[in-house]
Amino acid sequence: MLSKIADPVLSNLANDSLKYKMPVEKAIDPYGGREQVTYLEAFGRLLAGMAPWLELGPDDTEEGKLRERYITLAVKGIENATDPNAADYMNFTEGGQPLVDAAFLAEALIRAPEQLWGNLDETTRENVIRELKSTRSISPPYMNWLLFSGMVEAALLKFTGDADMMRIEYALLKHDEWYLGDGIYGDGPDFHWDYYNSYVIQPMILDIVNVLGDKKESLSNYRYRNKFIDDAGVFLERAQRYAAIQERLISPEGTFPPIGRSLAYRCGAFQMLSQIAFFQKLPHQIAPAQVREGLFAVIKNQMSVPGTFDENGWLTIGFYGHQREIAEPYISTGSLYLCSTAFLVLGLPQQTPYWSAPGRPWTQKQIWSGGMAKADHAFYPGDYSNKKMKWDTLIPVTSFDKKGIFRNYWNTLYPWGSDHNGTARMDKSNVILEKGVVELHAELLDKSEGKSKSSPYLPIRYRSGAIHAQQTITVSAQNPVYEISGEFKVPYLSGTWPAFWMTAVDGWPPETDIMEFKGNTINWQNTFMTPSEVTTIQKEVSGGSDNWHTYKIRMEYQDEKHTTISYFIDDEQTGIHYTDFSNKAFWLIINLQMEGSSGKAGDLEHASLSAKNVIVKRLNAE
């Protein structure tokens with residue numbers, strides 16, 4: 001369905017023929033000048049919804065090749081939309097509407113920084129920045145439009161490091177003042193019973209504060225750092241509550257109430273639910289698989305009805321089919337492409353619970369079939385935290401304090417011996433314990449010691465250190481939740497391969513990598529189900545060789561076979577994987593391997609991995 005929606009817009013814009021080919025259907029009593037704004041509406045809104053899926057990047061699968069096609073079309077489209085010499089050069093300044101859709105284009109770039117912004121040539125980047133800045137001439141009304149100015153500045157901050165921070169602050173401060181409670185913001189000083197909390201308000205707030213969080217190092221002296229960076233979780237919690245409300249709005253038949261203005265945006269009304277599911281931060285009482293089933297029902301029911309598309313594949317005005325009378329005066333063909341924002345969940349990899357877990361009925365479907373009817377309650381700050389959970393500690397943070405304590409919890413080497421998949425042979429003398437810190441020290445040997453005893457049997461060039469926990473870890477119905485974390489300083493040089501990971505006691509895989517660097521600043525958090533079925537989260541962690549960073553997983557029992565693994569860096573969730581790890585015993589290992597997958601180390605003589613405050617804790621079923 002997303003392909004069907006996107007094809008006419010992207011293929012024509014990439015061919016510099018969008019203005020020539022796209023029809024402009026208007027409301028019965030339209031505002032003037034729709035032809036001046038409708039094309040940027042179509043493009044910016046479409047990309048805002050497609051961006052997370054495009055950001056997965058191309059690969060050799062059928063879907064990966066489809067993504068590659070659309071990435072190419074989108075990048076060419078951005079070029080034509082911002083090139084003054086192109087036929088499809090778009091209006092970013094005339095009237096007020098261009099600010100709205102420049103903001104959606106900015107949001108798309110923020111949501112796909114590698115595949116959209118990263119693939120633009122330098123001239124196009126300069127053109128984009130120029131056009132985004134040009135929208136500063138437009139004064140937004142005192143309502144959700146403030147966020148459009150804030151979103152434009154967030155993109156400028158992300159991609160240039162320079163922004164008008166007052167436009168960001170004003171938008172966020174006013175919406176914080178307009179928060180009404182129970183996950184709902186007013187649209188300005190007034191409350192409107194419509195879907196603008198999902199069309200615009202909550203998604204843009206989250207995307208803006210996420211950019212501020214990404215830029216926190218350069219914003220160390222920012223006046224509103226505490227409110228919008230350190231304590232930004234309050235905006236997420238409000239959005240989680242609103243997502244819970246949205247999930248409950250889906251009827252057993254997959255319909256939803258036609259309330260308020262802009263209903264021609266169709267399933268775009270569920271952007272917030274889709275975004276929270278994409279962030280993998282749904283409230284604990286809502287299973288990702290029930291959101292999958294509910295969103296699928298809504299999209300299929302609403303977008304597949306005859307009349308939704310014209311004979312050439314363009315969207316028509318309507319809520320259920322072609323219903324021109326439902327449009328406000330500002331609605332035209334381009335406006336309709338906000339429906340794409342329901343598809344944010346396509347950015348989730350296959351191995352996440354959203355796609356992999358068995359389907360479950362969404363709330364109304366379950367209730368109206370006589371199933372369990374869980375009570376619903378208003379939201380108060382802290383409702384979605386885990387502060388009340390009681391844990392048993394299996395390995396305490398003090399396990400590195402003294403050698404005697406260390407020996408109670410840890411052994412040196414790998415569980416299977418001294419060798420593994422690189423060019424370093426582990427030795428207990430290279431494990432150094434001092435003042436609560438374990439240092440694993442790698443040193444270049446004067447001569448080779450033969451080949452590693454483990455595949456791929458590389459020549460041994462280094463001596464290094466590894467430790468593993470004496471107690472194995474098994475997620476089960478009796479022990480359904482584990483948290484494993486530690487603080488690390490890691491080497492980034494080519495040929496260094498530090499890791500904090502778990503592998504099966506019996507055979508391989510399964511494996512989960514909590515922290516793994518391969519000769520650069522990218523951390524890999526991997527889940528191996530089979531040798532070829534692996535899902536990876538890659539995130540740059542700068543300054544990690546000089547500064548401590550925390551890496552953590554939470555493993556949660558789902559059934560006798562399946563476990564979810566939530567990954568974190570510095571207490572920020574990076575993703576969730578759905579695995580078949582239940583009732584399987586794992587070793588926990590910390591090691592500094594060399595070369596292999598991390599490249600050549602050359603004549604690097606020394607490298608060190610430091611660890612502290614490693615902790616393993618679990619919940620009991622009772």
Side-chain angles (χ1 to χ4, degrees), residues 1-12 18 21-31 34-35 37-39 41-50 100-101 104 192-200 246-274 291-346 362 364-365 368:
M1 179 55 70
L2 183 60
S3 177
K4 184 175 182 178
I5 294 167
D7 245 3
V9 176
L10 293 186
S11 58
N12 280 290
L18 182 66
K21 292 289 186 68
M22 189 177 101
V24 183
E25 185 183 19
K26 305 174 190 177
I28 294 172
D29 55 343
Y31 290 157
R34 292 300 92 190
E35 290 85 356
V37 299
T38 194
Y39 307 106
E41 281 186 298
F43 183 47
R45 296 172 186 217
L46 173 65
L47 278 194
M50 291 187 77
V100 177
D101 297 296
F104 281 117
H192 296 169
W193 191 237
D194 55 29
Y195 293 103
Y196 268 82
N197 265 261
S198 188
Y199 293 144
V200 174
Q246 287 215 299
E247 192 272 342
R248 283 178 169 258
L249 289 178
I250 302 173
S251 78
E253 297 76 29
T255 62
F256 62 99
I259 297 171
R261 62 206 161 109
S262 301
L263 288 173
Y265 299 160
R266 293 185 171 96
C267 57
F270 287 89
Q271 178 178 192
M272 189 70 263
L273 178 59
S274 191
V291 176
R292 181 187 78 222
E293 300 295 306
L295 277 180
F296 178 83
V298 167
I299 292 170
K300 182 179 180 180
N301 284 348
Q302 192 172 42
M303 302 304 294
S304 298
V305 65
T308 302
F309 299 86
D310 71 12
E311 64 275 11
N312 295 313
W314 301 95
L315 286 170
T316 66
I317 294 175
F319 181 75
Y320 188 70
H322 190 200
Q323 299 159 319
R324 189 174 168 218
E325 66 277 6
I326 206 169
E328 283 78 11
Y330 51 80
I331 296 290
S332 64
T333 300
S335 315
L336 313 176
Y337 286 86
L338 193 65
C339 67
S340 72
T341 57
F343 295 82
L344 296 178
V345 288
L346 287 177
W362 55 97
Q364 281 208 50
K365 189 171 184 179
W368 287 100

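Computation of the quantities below employed the complete heavy-atom set of this structure, encompassing side-chain atoms and omitting hydrogens, waters and symmetry-equivalent molecules. We're numbering straight along the sequence, starting at 1.
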Exercise for review: Mind jotting down which residue pairs meet the side-chain hydrogen bond (donor to acceptor under 3.5 Å, both in side chains) criterion with at least one end in residues 249-261? Sequence neighbours excluded, please.
Suggested key: D187-R261, H192-R261, D194-R261, S251-E253, S251-T255
Practice item. To the nearest 0.5 angstrom, please state how far the OG1 atom of T341 sits from the CZ atom of R266. Key: 13.0 Å
Point to revise | Side-chain donor or acceptor of Q364 paired with backbone N/O of R248 under 3.5 Å | key: yes
Review point. For residues Y196 and S262, is any side-chain donor paired with an opposing acceptor at under 3.5 Å?
Key: yes
Review point. So which heavy atom on S198 is nearest to which on A269, and how close?
Key: OG-O, 2.7 Å
**Study point:** N/O donor-acceptor pair under 3.5 Å between S332 side chain and E35 backbone
**Key:** no
Check your understanding: Is there side-chain contact between Y337 and E41, with at least one heavy-atom pair below 4.5 Å?
Key -> no
Review point. Is T316 reaching over with its side chain to a backbone N or O of D310, donor-acceptor style, under 3.5 angstrom?
Key: no
Review point. Within a reach of under 6.0 Å around CZ of F296, are more than 12 heavy atoms found that belong to other residues, nucleotides or ligands?
Key: no
Check your understanding: So, T38 side chain and R34 main chain: donor-acceptor pair closer than 3.5 Å or not?
Key -> no
Check your understanding: How long is the span from the NZ atom in K26 to the OH atom in Y31, to the nearest 0.5 Å?
Key -> 14.5 Å
**Study point:** Test of ring centre spacing under 6.0 Å for Y265 and Y199
**Key:** yes
Exercise for review: Measure the spacing between CD1 of I326 and CD1 of I317 and express it to the nearest 0.5 Å.
Suggested key: 10.5 Å
Practice item. With the side chain counted from C-beta on, respond yes when V37 and D101 share a heavy-atom pair under 4.5 Å apart, and no when they do not. Key: no
Check your understanding: R45 side chain to S335 main-chain N or O, any donor-acceptor pair under 3.5 Å?
Key -> yes
Check your understanding: With a 4.5 Å limit on heavy-atom distance, are the side chains of Q302 and F256 in contact?
Key -> yes
